[in-house]
Amino acid sequence: MTVFAPVIASLLDNDLYKFTMWQAMLHRHPQTVAEYDFVCRNEPQFPLADLLDEVNAQLDHLCTLRFAEDELAYLGGLRFIKSDFVDFLRLFQFQRRFIRAWAEGGRLHIHAAGPQVHVMDFEIHVLSIVNELYFRRFEQEPALRTGRQRLQAKIDLLRAVDVAPARAHPLEIFDFGVRRRFSAAWQREVVTTLRDEVPEFFKGTSNVLLARDLGLVPIGTMAHEYLQTWQALGVRLRDFQRAALESWVQEYRGDLGIALTDVVTMDAFLADFDLYFAKLFDGLRHDSGDPIAWGEKAIAHYEKLRIDPHTKRLVFSDGLDIPTTLAIYDAFADRALTGFGIGTNFTNDMGHPAINIVMKLVAANGQTVAKISDAPGKTMGSDETFLAYLRQVFNVPA
């Protein structure tokens, strides 16, 4: 008989930005009802539908978990987390009736629906569960051996930066690998190794549990779902980005100041990111499209507003590896502060193709929401009429 091995053992084993968005929505729009759908964007090596029974067992377990007092104390010690949110988390428990999984053919479907403050946190846990169950079916020791060899090669590349001429701004790298990791244990090994071997470059992790346990800075601000929710909160569609950014400013009063730019393309974002926001936010995050072209647009925008780009941070997080990171760093290191969030390439570079899975917000308050990113493959939205309307409102070419 197979012994049940939970993938998620702590609700703190999650990206920081889930907590920061969760708090903002609890304080400002707790009545919002939302729907999230799981999608696999590539072809796995075996049908994900084969995992259905195991996924359901893991979801059953996830819905038994509660935040421990030491976990709540850690969250409460972060200066941007409010005491009433900690009190909410003390009472919080996932409700199984808000999430279901089923199979159609070889496809695995997972759908979460309910009050947003009760379903939005499923996302990262679901992705971690599916990933780890999927990769448990491969031989573990050869994969770990390959992963360790490749991790050492990345460390060697980073150490070579030490002997290069100094740049205006340092290279700073973060782990963003919770959602597509090979396993929780492997992510912990990777983050521990990077912390110990290259502390001059490795500056934090999005994983709140690992940040606490390993004495690292937890990294993260907002994701697409936060801005997309505002498409359904009663403001004029043309104003949803401004409304979302203004609400964030009011919630965090100067903390967590990195804004995400590709919910309706970088160009449409910059049209809304005026002098007011450009001064209030510490910088911008890239998550789709050509990173060099994006960085040039960001710097040009700051310069047009007479803001010194050296005082702002450009964060890159789209499918990075170390060579790509170093190339982007080389382009901007003397022009602006930078940061690099590396996900899959840190936590799932094991010799097996990664599965490109997401669990995205698809509707809020009964209304479709969508994302038109700077890379066509990352555009999200099932309602073609709404996508066309969104393009029209923001003058985005089809």
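Quick note: residue numbers are just sequence positions, from 1.
- In this structure, the ring of F46 has its center less than 6.0 angstrom from the ring center of Y134.
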* Asked: Please walk me through it: do T265 and S373 pass side-chain contact (heavy atoms from CB on, under 4.5 Å)?
  -> CA-CA 5 Å; T265 76; S373 76; over 6 Å; no
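- Electrostatic pairing of R212 and E71 does not count as a salt bridge here, judged by no charged N lying under 4.0 Å from a carboxylate O.
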* To do: For the pair D374 and H286, evaluate side chain to side chain donor-acceptor pair (under 3.5 Å) and give the outcome as yes or no after the intermediate values.
  => CA-CA 9 Å; D374 289 303; H286 168 268; over 6 Å; no
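- Annotation for A259 and F281: closest pair CB-CD2, 3.9 Å, computed over non-hydrogen atoms.
- Pairing each heavy atom of R90 with each of R66, the nearest pair is O-NH2, 3.2 Å.
- One distance of note links CD of Q45 with CZ of F138; it measures 4.0 Å at 0.5 Å rounding.
- Note: Q23 CD to K82 NZ = 4.5 Å, rounded to the nearest 0.5 Å.
- Looking at D262 and R285, no side-chain N of the basic residue comes within less than 4.0 Å of a carboxylate O on the acidic one, giving no salt bridge.
- Note: the hydrophobic cluster containing L390 also contains L245 (ILVMFWY, side chain heavy atoms under 4.5 Å, direct or indirect links).
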* Determine, stepwise, if the pair T261 / W294 fulfils side chain to side chain donor-acceptor pair (under 3.5 Å). => CA-CA 10 Å; T261 66; W294 177 92; 2.9 Å; yes
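- Taken from CG in D239 to CD in Q231, the straight-line distance is 12.5 Å, to the nearest 0.5 Å.
- Taking 4.5 Å as the limit, some side-chain heavy atom of F269 sits within range of a side-chain heavy atom of Q241.
- At a threshold of 4.0 Å, the pair R167-D330 counts as salt-bridged, since one of the basic side-chain nitrogens sits closer than that to a carboxylate oxygen.
- Looking at L233 and N365, their side chains come closer than 4.5 Å, going by heavy atoms from C-beta outward.
- Between Y302 and F273, the ring planes lie perpendicular to each other; the angle is over 60°, past the 30° to 60° tilted range.
- The pair R313-D282 does not count as a salt bridge, with every side-chain nitrogen at least 4.0 angstrom from each carboxylate oxygen.
- The two residues A211 and Y74 come nearest to each other via the heavy atoms CB-OH, 3.8 Å.
- At distances below 3.5 Å, not a single donor-acceptor pair connects side-chain atoms of E123 with backbone N or O atoms of K360.
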* Let me see the working for D272 and R238 under salt bridge (charged side-chain N to carboxylate O under 4.0 Å, His left out), right down to the final yes or no. => CA-CA 9 Å; D272 288 340; R238 179 63 189 83; 2.9 Å; yes
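- Residues T205 and I219 fail the side-chain proximity criterion, which asks for heavy atoms closer than 4.5 Å.
- In this structure, the side chain of T192 does not engage the main chain of E189 through any donor-acceptor pair within 3.5 Å.
- Two residues are said to be in side-chain contact when any heavy atoms from C-beta on lie closer than 4.5 Å; I355 and R180 fail this criterion.
- Note on ring orientation: taking the six-membered ring where Trp is involved, the planes of H310 and H169 are tilted (angle from 30° to 60°).
- Of the inter-residue distances, the one linking T229 atom OG1 with H224 atom NE2 reads 12.5 Å to the nearest 0.5 angstrom.
- Proximity of a side-chain donor or acceptor of D84 to a complementary backbone N or O of D87 within less than 3.5 Å is not detected.
- Hydrophobic clustering, with ILVMFWY side chains joined whenever heavy atoms are under 4.5 angstrom apart, keeps L260 apart from I124.
- At least one side-chain heavy atom of H61 sits less than 4.5 Å from a side-chain heavy atom of P6.
- Here the straight-line distance linking atom CG of L144 with atom CG of L151 works out to 11.5 Å at 0.5 Å rounding.
- In this structure, I129 CD1 and L59 CG are separated by 5.0 Å, a value rounded to the nearest 0.5 Å.
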Under 3.5 Å, which donor-acceptor pairs do the side chains of residues 28-38 form with other protein atoms, sequence neighbours left out?
from : atom 1 : to   : atom 2 : distance (Å)
R28  : NE     : E251 : OE1    : 3.0
R28  : NH2    : Q250 : O      : 3.4
R28  : NH2    : E251 : OE1    : 3.4
T32  : OG1    : H29  : O      : 3.1
E35  : OE1    : H111 : NE2    : 3.4
Y36  : OH     : Q116 : NE2    : 3.1
Y36  : OH     : E225 : OE1    : 2.6
D37  : OD1    : H111 : ND1    : 2.5

* To do: Mind running side-chain contact (heavy atoms from CB on, under 4.5 Å) on L48 and V55 for me, showing each step along the way?
  => CA-CA 10 Å; L48 295 185; V55 166; over 6 Å; no
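- Placement of F174 and L216 in two distinct hydrophobic clusters is found when ILVMFWY residues are connected by side-chain heavy-atom separations under 4.5 Å, directly or transitively.
- Residues F240 and F394 place their aromatic rings such that the two centres sit under 6.0 Å apart.
- In terms of heavy-atom proximity, L89 sits nearest to L72 at CB-CD2, 3.7 Å.
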* F316/F332 under side-chain contact (heavy atoms from CB on, under 4.5 Å): CA gap, chis, key distance, verdict -> CA-CA 11 Å; F316 298 85; F332 298 112; 3.9 Å; yes
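- When side chains are defined from C-beta on, M222 counts as touching L227, because their heavy atoms get closer than 4.5 Å.
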* **N131 and F182: CA distance, side-chain angles, deciding distance, side-chain contact (heavy atoms from CB on, under 4.5 Å) verdict** => CA-CA 7 Å; N131 257 294; F182 181 77; over 6 Å; no
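- A cation-pi arrangement is absent between R188 and W186, since the terminal nitrogen or guanidinium carbon is not both under 6.0 Å from the aromatic centre and inside a 45° cone about the axis.
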* To do: Apply the test side chain to side chain donor-acceptor pair (under 3.5 Å) to residues D321 and T324: give CA-CA distance (whole Å), side-chain angles for both, the deciding distance (0.1 Å), then the verdict.
  => CA-CA 5 Å; D321 55 22; T324 305; 2.7 Å; yes
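- Heavy atoms only, all atoms of each residue included: V263 and A370 are closest at CG1-O, 4.2 Å.
- A donor-acceptor contact closer than 3.5 angstrom links the side chains of D287 and S317.
- Here the shortest heavy-atom pairing between V178 and D15 reads CG2-OD1, 3.3 Å.
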Per-pair distances, 0.1 Å, donor-acceptor, side chain in residues 340-347, under 3.5 Å, sequence neighbours excluded:
from : atom 1 : to   : atom 2 : distance (Å)
T347 : OG1    : G177 : O      : 2.9
T347 : OG1    : G343 : O      : 3.4

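- Under the 4.5 Å side-chain criterion, counting only non-hydrogen atoms from C-beta, K203 is not in contact with V217.
- Taking a cutoff of 4.0 Å between a charged side-chain nitrogen and a carboxylate oxygen, E141 and R145 do not qualify as a salt bridge.
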* Steps toward salt bridge (charged side-chain N to carboxylate O under 4.0 Å, His left out) verdict (R181, D13) -> CA-CA 12 Å; R181 65 194 182 190; D13 186 12; 2.7 Å; yes
* Could you walk me through whether N207 and N14 pass side chain to side chain donor-acceptor pair (under 3.5 Å), step by step? => CA-CA 5 Å; N207 187 318; N14 201 349; over 6 Å; no
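- F92 and F94 have perpendicular rings, their planes meeting at more than 60° on a 0 to 90° scale where under 30° would count as parallel.
- Side-chain contact between W248 and E246 is absent, with no heavy-atom pair separated by less than 4.5 Å.
- Evaluation of the salt bridge (charged side-chain N to carboxylate O under 4.0 Å, His left out) test over residues 48-63, restricted to residues two or more places apart or in two chains, returns E54-R137, D60-R96.
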